[in-house]
**Q** 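Sharing a structure below in structure tokens format, with a few things to ask.
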Amino acid sequence: MNLVASSSVSWKSNSNNSDRVEKNEFPAGLRVLVVDDDPTCLRILEKMLRNCHYEVTKSNRAEIALSMLRENRNGFDIVISDVHMPDMDGFKLLEHVGLEMDLPVIMMSADDSKDVVMKGVTHGACDYLIKPVRIEALKNIWQHVIRKKKHEWKDKDFEQSTIVEDGDQHQKPPEDVDYSSSANEGNWKSSKRRKEEEDETEERDDTSTLKKPRVVWSVELHQQFVQAVNQLGIDKAVPKKILELMNVPGLTRENVASHLQKYRLYLRRLSGVSQHQNGLNDSFMGHPEAAYGTMTSFSGLELQALAATGQLPAQSLATFQAAALGRSATKSAISMPLVDQRNLFSFENPKLRYPEGQQQLNNSNKQINLLHGIPTTMEPKQLADLHQSSQSFVAMNMQGNARMQQNNALLMHMSQQQQKQPSRGQMLNESSNGQVSQPPLSMPQPLSSNGIPAAILSRNGIVDNVRGPVYNPVSPASSMVDFSLNQTTELQNSFPLVSSNSGMSTLTSKRLLPEEVNSDIKGSRGFPVGYDIFEELHQQKSQDWGIQNVGSAFGASDHSGIPGTLDVSPSMLVQQGISSMKKNGQNGNSPMGGPQLNLFSGGNLLTVKAEQLPDTSYQSNLFLEQFGQDDLMSAILKQQESVGEVETEFGFDGYPPLDNLPV
Amino acid sequence: MESQKKRQAAYMKKNLLDQGYLDEQFAHLEELQDDANPNFVEEVVKSFYTDSARFIRNIEVALENGPYDFTKLDNMMYQFKGSSSSIGARRVKRQCSMFQECCNAKNIEGCRNTFQGVKQEYATLKTKLETYFQMEK
């Protein structure tokens with residue numbers, strides 16, 4: 001866009017761009033408009049911004065600020081606004097600016113309650129600062145400007161980049177790698193380096209990237225890409241080799257690398273297991289947004305933790321991260337020590353990422369901590385979706401069958417689920433059979449050790465209440481499970497775990513009911529393949545569910561079916577489930593009493609305190625019992641192995657640039 | 001003379017911080033001060049006094065007669081609290097929070113009492129800061 005280009009150019013030109021950039025003076029001269037009704041705050045902000053060498057314009061009235069912006073559309077690079085203002089709500093200003101000028105807007109407030117922060121996110125704020133604001137928080141706001149511009153460029157015909165290159169390189173649309181993380185020196189420098197010293201960039205094979213026409217990944221090109229990747233094997237598919245195999249003139253290693261990154265994320269969402277790629281390729285193009293857009297606020301930390309523990313396939317992690325990034329969980333809510341929190345907020349397409357329904361995340365967000373205590377802003381429905389997906393995810397892991405692959409990414413499902421609120425809501429409603437009110441799986445201790453139990457519990461009924469405590473448990477596996485747990489509706493149907501199919505499947509997802517699974521999956525699109533598995537399991541077992549009472553338990557809070565406290569470590573459950581699933585396949589005939597159940601009964605892997613989870617506990621207990629200890633162990637071990645492998649493939653640092661994903 | 005004054009000023013600031021009248025936000029403001037704006041902090045604080053006078057007056061009026069609009073009272077205090085926190089007026093901020101709790105509880109007497117507390121803390125801080133700035137000059 002000329003607009004973008006020119007504003008970018010003008011910004012740079014203000015400060016003698018190339019020199020300034022080279023001397024690392026960027027982002028001096030950034031034109032900031034700050035709006036706050038409190039004169040004292042405004043004054044302080046102005047001083048801070050000036051100290052950052054920004055050009056500051058201040059206004060204590062939103063209306064005035066808006067008219068300033070309208071009069072001079074190219075006059076500002078970024079807007080910072082307070083939330084509570086007398087003449088206009090900060091969010092309204094945010095909307096206007098986003099729609100009319102498409103500038104990055106940062107919200108500020110003394111109010112750090114999650115729902116307000118979430119509101120900022122859903123309205124499209126690229127960041128949310130808690131007052132009193134420190135200068136450190138303002139130093140890096142330029143990243144939002146770059147990110148937005150980069151994003152815009154990416155969407156546009158590459159030729160426009162030539163407009164920009166006034167001898168001075170501006171950010172190039174191309175690789176997002178550098179931009180995806182928050183504004184930290186290293187990234188900026190590397191991207192600058194890339195811009196200015198093309199040949200010196202280590203990552204780039206060719207130097208004239210600026211002039212290179214942007215690669216459009218057509219269907220054929222993508223097919224070629226996928227073929228090459230499959231040929232090499234997803235584990236071994238490195239850009240260089242893919243490039244060689246594809247043998248497309250004009251294609252660079254960087255193009256392939258960036259595309260590969262996206263593809264991997266996509267795969268993660270779909271398949272959880274890297275080896276299974278059947279049928280994924282064709283859906284690749286179409287799903288990115290699903291995967292990323294609706295993710296609830298998974299904190300990147302959690303995802304990473306999950307991945308780290310080997311319980312969450314790297315792919316899923318990527319998906320989660322992507323989702324999390326997209327969602328931008330409330331700033332306060334998510335602590336991501338590993339990644340600059342700003343990353344979360346800098347996703348550019350808020351619209352993309354926050355479908356309407358998600359705006360309603362409020363209480364549930366705070367309460368539901370699907371990921372290790374990280375508040376997720378999900379509506380109960382969404383939460384349920386998450387549960388479902390998490391469950392399916394677990395199932396997927398366990399099974400690793402092709403079907404699962406399709407739905408693998410728990411994350412994806414989750415995000416998808418979120419997108420499909422309606423279906424979720426439905427499911428949630430169903431769960432009202434009594435489980436909804438479960439106090440969240442707050443099975444404090446047990447949960448922490450067992451991701452699954454918690455998940456199960458939550459599914460059972462706590463759709464609305466996914467409270468932090470429940471999820472806090474912590475193990476990554478549990479978080480995954482948690483998602484599935486929220487689906488109380490699911491419980492009823494499914495607990496395949498209960499059904500003794502390979503206990504594993506049930507473990508992970510309540511949704512074992514085949515029909516339901518399908519519908520869930522469809523509805524929410526977020527359910528990992530696992531659902532498929534469950535489906536199978538369910539089918540085989542539906543009648544056989546040893547845990548008949550479980551079903552009723554779920555529905556009726558009948559604790560009778562709950563075995564007692566199962567001590568199962570979530571990861572164990574998941575993994576074991578996976579392995580048993582693998583082993584047992586659709587072995588639906590083994591009632592709960594089968595080997596699978598042994599896991600819990602025998603071993604004290606999971607401790608699910610029945611008493612704590614009124615309705616959900618049943619389910620979790622039921623599931624737990626079904627898994628044979630040995631099965632689970634092997635499943636877990638296998639899972640860990642595979643996960644480990646997968647993880648190594650993905651080397652993305654920080655969050656993938658979601659904005660680069662095809663929408 | 002100069003250095004003694006400076007020492008005294010530093011000592012007073014330390015006390016203000018230790019006793020909780022001010023928090024680290026105040027220190028951050030001082031860091032912003034530079035040669036181009038040597039009296040930045042004092043100017044900001046003066047701006048705060050002006051805003052505060054207005055807030056306090058408005059709240060006072062709103063507390064005089066019923067019916068009491070607790071939401072409005074809460075909003076007004078929220079603004080004052082934000083202003084106080086921006087200069088690091090910790091004790092004042094705390095009193096503001098207490099007032100807000102009374103608003104939530106729709107406890108008008110509690111509001112009045114805590115409001116007195118707000119005014120007192122504000123007056124105390126104002127006096128101390130005026131002394132401090134005198135020392136700094």
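Below, chains carry the letters A, B, ... as their sequence lines are ordered, and counting in each starts from 1. Just so we're clear, the structure is a prediction, and the values are computed from it rather than from any experiment.
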**Q** Find out whether the Lys NZ or Arg CZ of B/Arg91 is both under 6.0 angstrom from the six-membered ring centre of B/Tyr21 and within 45° of the ring's axis.
**A** yes

**Q** What pair of heavy atoms forms the shortest contact from A/Met108 to A/Asp36, and how long is it?
**A** CE-OD2, 3.9 Å

**Q** Which atoms of A/Asp37 come close to chain B, meaning under 4.5 Å heavy atom to heavy atom: side chain ones, backbone ones, both, or neither?
**A** side chain

**Q** Distance under 6.0 Å and angle within 45° of the ring axis: does B/Lys106 meet both against B/Tyr68?
**A** no

**Q** Could you look at A/Arg43 and say if it's the side chain, the backbone, both or neither that has a heavy atom under 4.5 Å from chain B?
**A** both

**Q** In terms of heavy-atom proximity below 4.5 Å to chain B, should A/Ile44 be classed as side chain, backbone, both, or neither?
**A** both

**Q** Do you know which of B/Thr50, B/Val44, B/Asp51 has the most heavy-atom pairs with chain A at a distance under 4.5 angstrom?
**A** B/Asp51

**Q** Counting only heavy atoms not in B/Lys119 (residues, nucleotides, ligands), do more than 12 fall under 6.0 Å from its NZ?
**A** yes

**Q** Just checking, any donor-acceptor pair under 3.5 angstrom between side chains of B/Ser85 and A/Lys131?
**A** no

**Q** Please state whether the side chain, the backbone, both or neither of B/Gln25 comes within less than 4.5 Å of a heavy atom of chain A.
**A** side chain

**Q** With a 4.5 angstrom heavy-atom cut-off, is it the side chain or the backbone of B/Leu32 that approaches chain A, or both, or neither?
**A** both

